[in-house]
2 protein chains.
Amino acid sequence: MAKRSAPGAEKGPKKSRQQRIFEEAVQLFNKQGYAGTSIRDLADAVGILPGSVYAHIDGKHSILVRLVEHGVEQYLTGTANLSGTAEEQLRALIDAHLSVIAANVDLALVVFHQWRHIEGADRDRIMAKRRSYEQRIRDIIDRGISSGEFRPDIDPPLAVLTILGILNWVPEWFSPNGRDPAAAVSKGLAQIILAGVLN
Amino acid sequence: MAKRSAPGAEKGPKKSRQQRIFEEAVQLFNKQGYAGTSIRDLADAVGILPGSVYAHIDGKHSILVRLVEHGVEQYLTGTANLSGTAEEQLRALIDAHLSVIAANVDLALVVFHQWRHIEGADRDRIMAKRRSYEQRIRDIIDRGISSGEFRPDIDPPLAVLTILGILNWVPEWFSPNGRDPAAAVSKGLAQIILAGVLN
DNA sequence: CCTACCGATCGGTAGG
DNA sequence: CCTACCGATCGGTAGG
């Protein structure tokens, strides 16, 4: 009875049931893992019966692929238009990366932990996008070394992995409701990262 | 027939079947996740029947708890006796941490990805050990700032999370058979980390 | 989105 | 460590 309210009475924007399923999947995949989450768990979470889930999705696996791929793409689109000096570009990338994480920490955790459950062509496609993002960082490092902004003794591949490690570890501890807002974390991490690479 | 050879004929040291189960569990948990790995998978991997697995272990969950707890403890024991200046201690910790990872990258991945499947008292106990390790890093940072070795404008909690991020991201890309030996990675990461904190 | 259901697989156990 | 088995749950489907 309380389920259906008048269309104009809802507080937030209307969410499709499919959208609800994806959102609940993020929480459940995070808590129980992909394999440990059943279609029945998902159905319970959105308030429908197990068989009805298939009216909205192709299968359990396609939920995971869509979540991870969409998640990865956010990092790419957030850093599509970098300009300025290498230092400015690196600062902008750090900020964009942390904005994506902070916007949905749970999705970030799904992206980094559950992608191993994806195989074959889906995995190849997603990995290619991740590598493309890593290359974006690599290009900034190379440019910074060439321009003399960054220390010449830096090992570029290792620097990329270091920066990725710092940034991708953030979802493990960051809380949107914690005492550190995302902007403060971004500023602090940018300071540490830049201190390590600047000439 | 080929299964049982004369006791002295084996190449490596004798491994108990229990040990074999734990080793195969590391691989399987990594590939399929804890929930996605069945007792039957484990039994197949060690060459016994599903029911026989319970002659060696208490249950599926106890395998996970033991792997993760043992894994976490390695980081603590590897850094139990640090001495010298803050810089020396930090270098030693980085080296010890990477030695533990390099000794068993797959176990490291299980530790960092599968601990979420552990709940209750087991989880509390393991998390306490993790926090104890983090405090060990924190103490080094604090000491380095006090002594003037490290930059005074460092945010200690953030520095700890940065270092943990760099180190704990290593299992995601490190290959023991890759072109970078563990010692080279340790040296490179130490250089980058120290550059970020040294005064 | 529900009813009703499928074959497969799950963790685990009794008794040897 | 095997034989033989248990009740529970799994992803997914036909037909409405």
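Chain A is the first sequence line, chain B the second, and so forth, proteins listed ahead of strands; every chain is numbered from 1.
- Counting heavy atoms from C-beta outward, A:L76 and A:R136 have side chains that approach closer than 4.5 Å.
- For the pair B:Q18 CD and D:dC1 C1', the interatomic distance rounds to 15 Å; values are reported in whole Å.
- With values rounded to the nearest 0.5 angstrom, A:Q74 atom CD is found 12.0 Å from A:E69 atom CD.
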| note | Secondary structure of DNA chain C per the Watson-Crick/G-U criterion (both distances under 3.5 Å; [ ] crossing, | other strand, . unpaired) is ||||||||||||||||
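- Cation-pi geometry between B:K60 and B:Y34 is satisfied (NZ or CZ under 6.0 Å from the ring centre, within 45° of the ring normal).
- Atom CG of A:D122 and atom NE2 of A:H61 lie 5.5 Å apart (nearest 0.5 Å).
- Using a 4.5 Å heavy-atom cutoff, the side chains of A:V68 and A:L64 are in contact.
- In summary, B:K15 and B:E23 engage in a salt bridge, as defined by a charged side-chain N under 4.0 Å from a carboxylate O.
- With respect to the salt-bridge test (charged N to carboxylate O, under 4.0 angstrom), the residues A:R91 and A:E87 qualify.
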| task | Using a 4.0 Å cut-off on protein heavy atoms (strictly under), produce a 5'-to-3' string for nucleotides 9-16 of chain C with B for base contact, S for backbone-only sugar-phosphate contact, and - for none. | result | -BBBB---
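- Between A:F29 and A:H113, the ring centre distance reaches or exceeds 6.0 Å.
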